[in-house]
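Worksheet: the structure to be examined is printed underneath.
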Amino acid sequence: MTVDVRADLGALSLDNPIVTASGCFASGAEIDRFYDVATLGAVVVKSITLEPREGLPPPRMAETPSGMLNAIGLQNPGIDGWLAKDLPWLQGKGVPVIVSIAGTSVDEFAEVARRLRGRAGVVGVEVNLSCPNVDHRGLVFACHPEPSADVITAVTRAVDVPVFGKLTADVTDIVSVARAVIDAGATGLSLINTLLGMAIDVESRRPTLANVLGGLSGPAIRPVAVRNVFQVHQAMPDIPIIGMGGVRTVRDVVEFLLAGASAVAVGTANFADPFAAHDLLAGLRTWMADHGVAKLSELRGAVQMPDREA
Amino acid sequence: MTTYLRSRDPNVFGRPGDGPLKVLAEVIQRRRDGAYHTITVAAPDIAERAKPGQFVNVAVEGPGTILRRPFSIHRVSSQGPIAGTIDFVLDAHGPGTAWLAERQTHDIVDVVGPLGSAFPIPQQNVPCLLVGGGYGVAPLFFLSEVLTRAGLRVDMIVGAANAERIYNAIEAKRMTASVTFTTEDGSLGVEGLVTDAMDDVIAATGTRVIYGCGPMPMLRAVSLRAKERGIPCQIAVEEHMACGVGVCWTCVIPIRSAKTGQLRMKRACIDGPVFSGTRVGWDVSRWHVPDGDAVEDVAEPGTPIEEGADE
């Protein structure tokens, strides 16, 4: 049976729901050495800031049980460098591009967004409100509804494409942050960013990462991510969600769709296998056919809740 | 699907050309070499594309592991009775490498490669000194074969903590004009570090190019010594690596641009692992030794190594 895998993200429609998680795919060219990245629903690029950043010192990575910690510190060529070098390559591929942007102030976010206005191939902007590897936690906008809303308002004014707010699960109530971001004009949400974590080398008694703390990703965080997608979808069923966090198998993709995601981003799995996103797309089509699911939309939010006695 | 099966082999995934592939490779041979394990896998397409200095990234299993493990390519065989194989050397020190060390003949391992940059080969017929530490010496065997085939003289210094941690001393002797061993406990060869043997070997052989691979403090010391002697030095670096293919940005190392002199964090996996040792910003790296001297580029006219252009 032929299956319809088109992903409906409100104002944004993608040929298929498999996209890349920001920071796990650079800007696409490295993985394109293995397969044609234009087969993906979209490439979500590594977060771009106004100025170039060299990032944090190594070691930047620690493998942890079923996950990994990273502390890259948003190393990137800056928006102008990225526009000059990476975007033309992506435009040449013809793949839809969702640009992740980061900044330390509302003005910085707005300026990066302004420079993206009207760029061919850019179909969306993902606002990284939740990078854990910044100088202090007060700069993680998504820890609070008001600053998150301020950034989203400024970015939506600056660009003419759908805007997605990327949130952290390291909060007491993600729904309140999600609601603020949507009320501020975002088209949808990206859930979730890495969780703040730490690892210690017991022999040296020193933190494994030079930055001490880092972002936890991989299968270890998947239940937390599914829970957040579910909670936000239950509260705001019409809002498009790109779900992510430890996606490695087709079952993981379907789990996120059932929880309420409209598209699913593949992150750390790209590190373990450069073909991860490619293979998940093929696998999803097969899974849908095997399960008699004709359209992707049939799966969205279709988790069957247990009956509750009054 | 757009994955290009180059050899129509259902176990080879990737694109045509000389880029990296993913191969489900059969283990052909495994052997114990002192403290290390050498594994030979059948991967003709990787063997054909591989150059000395490049590495493979191997999927492992084991409690809690999710990432591949990188290994420099020790040797390739493109002809002979068991053609199209690659060898890599491992030190079983964690759950992933322990799992790999237990693979048996005919087991299948998932190998991505060849990855990273290769050692540049001298444009002139000059004596080359290869300096290796521990099992970091592994890729220097492949390099030695390529240099020897090109008609160049190859001498080697191989160092380790003790004799058991010297990798394959017999083969190192067989394939070079001379090999000097150094051990920290004096159990084999010269007692001390590789740098303690460098001056004598350079004087005796007229070394014009130095290649290094091994632990970072050793590479730093070798680079400094090469700089003092005004000899170009190419090293293959190590840094913690999540993806090996250039997308995660975890394995960076500060590299000084030849053009601008500016330090930039470069990825060891895709911009390296081979860099000019004198371009590494050792003084700003985590391998900095207090009161150690900064290393600057020695690129000088007439250097026998063609320096790669950096952005």
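Within every chain, numbering begins at 1; the chains are lettered A, B, ... in the order of the sequence lines, protein sequences first and strands thereafter.
When B/V247, B/D110, B/V112 are compared by the number of non-hydrogen pairs under 4.5 Å with chain A, B/V247 comes out ahead. In terms of heavy-atom pairs under 4.5 angstrom with chain A, the leader among B/C248, B/G94, B/G19, B/P254 is B/C248. With respect to chain A, the highest number of heavy-atom pairs below 4.5 Å among B/M241, B/H240, B/K22 belongs to B/K22. Note on A/A38, A/P58, A/P52, A/S66: by heavy-atom pairs under 4.5 Å with chain B, the leading option is A/P58. When each of A/G67, A/G55, A/A210 is scored by its heavy-atom pairs under 4.5 Å with chain B, the top score falls to A/G67. Considering only heavy-atom pairs separated by less than 4.5 Å from chain A, the leading option among B/I66, B/V284, B/I253 is B/I66.
In summary, A/E63 and B/R69 engage in a salt bridge, as defined by a charged side-chain N under 4.0 Å from a carboxylate O. A salt bridge links B/R267 with A/E30; the closest basic N to acidic carboxylate O contact falls under 4.0 Å.
A donor-acceptor pair under 3.5 Å is absent between the side-chain atoms of B/R286 and the main chain of A/P57, judged by distance alone.
Annotation for A/R222: atom CZ counts as buried by contact number, over 12 foreign heavy atoms lying within 6.0 Å. Counting non-hydrogen atoms of other residues, nucleotides and ligands closer than 6.0 Å to CD1 of A/I200 gives a total of 12 or fewer.
For chain A, no part of B/A59 is nearby; none of its heavy atoms comes within less than 4.5 Å. Looking at A/S27, there are no atoms closer than 4.5 Å to chain B (heavy atoms on both sides), in backbone or side chain.
For the residue pair B/L115 and A/R33, the shortest heavy atom distance occurs at CD2-NH2, 4.3 Å. B/G246 and A/A26 make their closest contact through O-CB, 4.1 Å (heavy atoms, listed as atom of the first residue, atom of the second, distance). Nearest heavy atom pair, residue B/W249 against residue A/Q75, reads CZ3-NE2, 3.4 Å. When all heavy atoms of B/M265 and A/L56 are compared, the pair lying nearest together is CE-O, 4.0 Å.
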Take B/F13 and A/F34 through the side chain to side chain contact (heavy atoms under 4.5 Å, CB included) test and state the conclusion after the steps. CA-CA 8 Å; B/F13 308 91; A/F34 292 93; over 6 Å; no
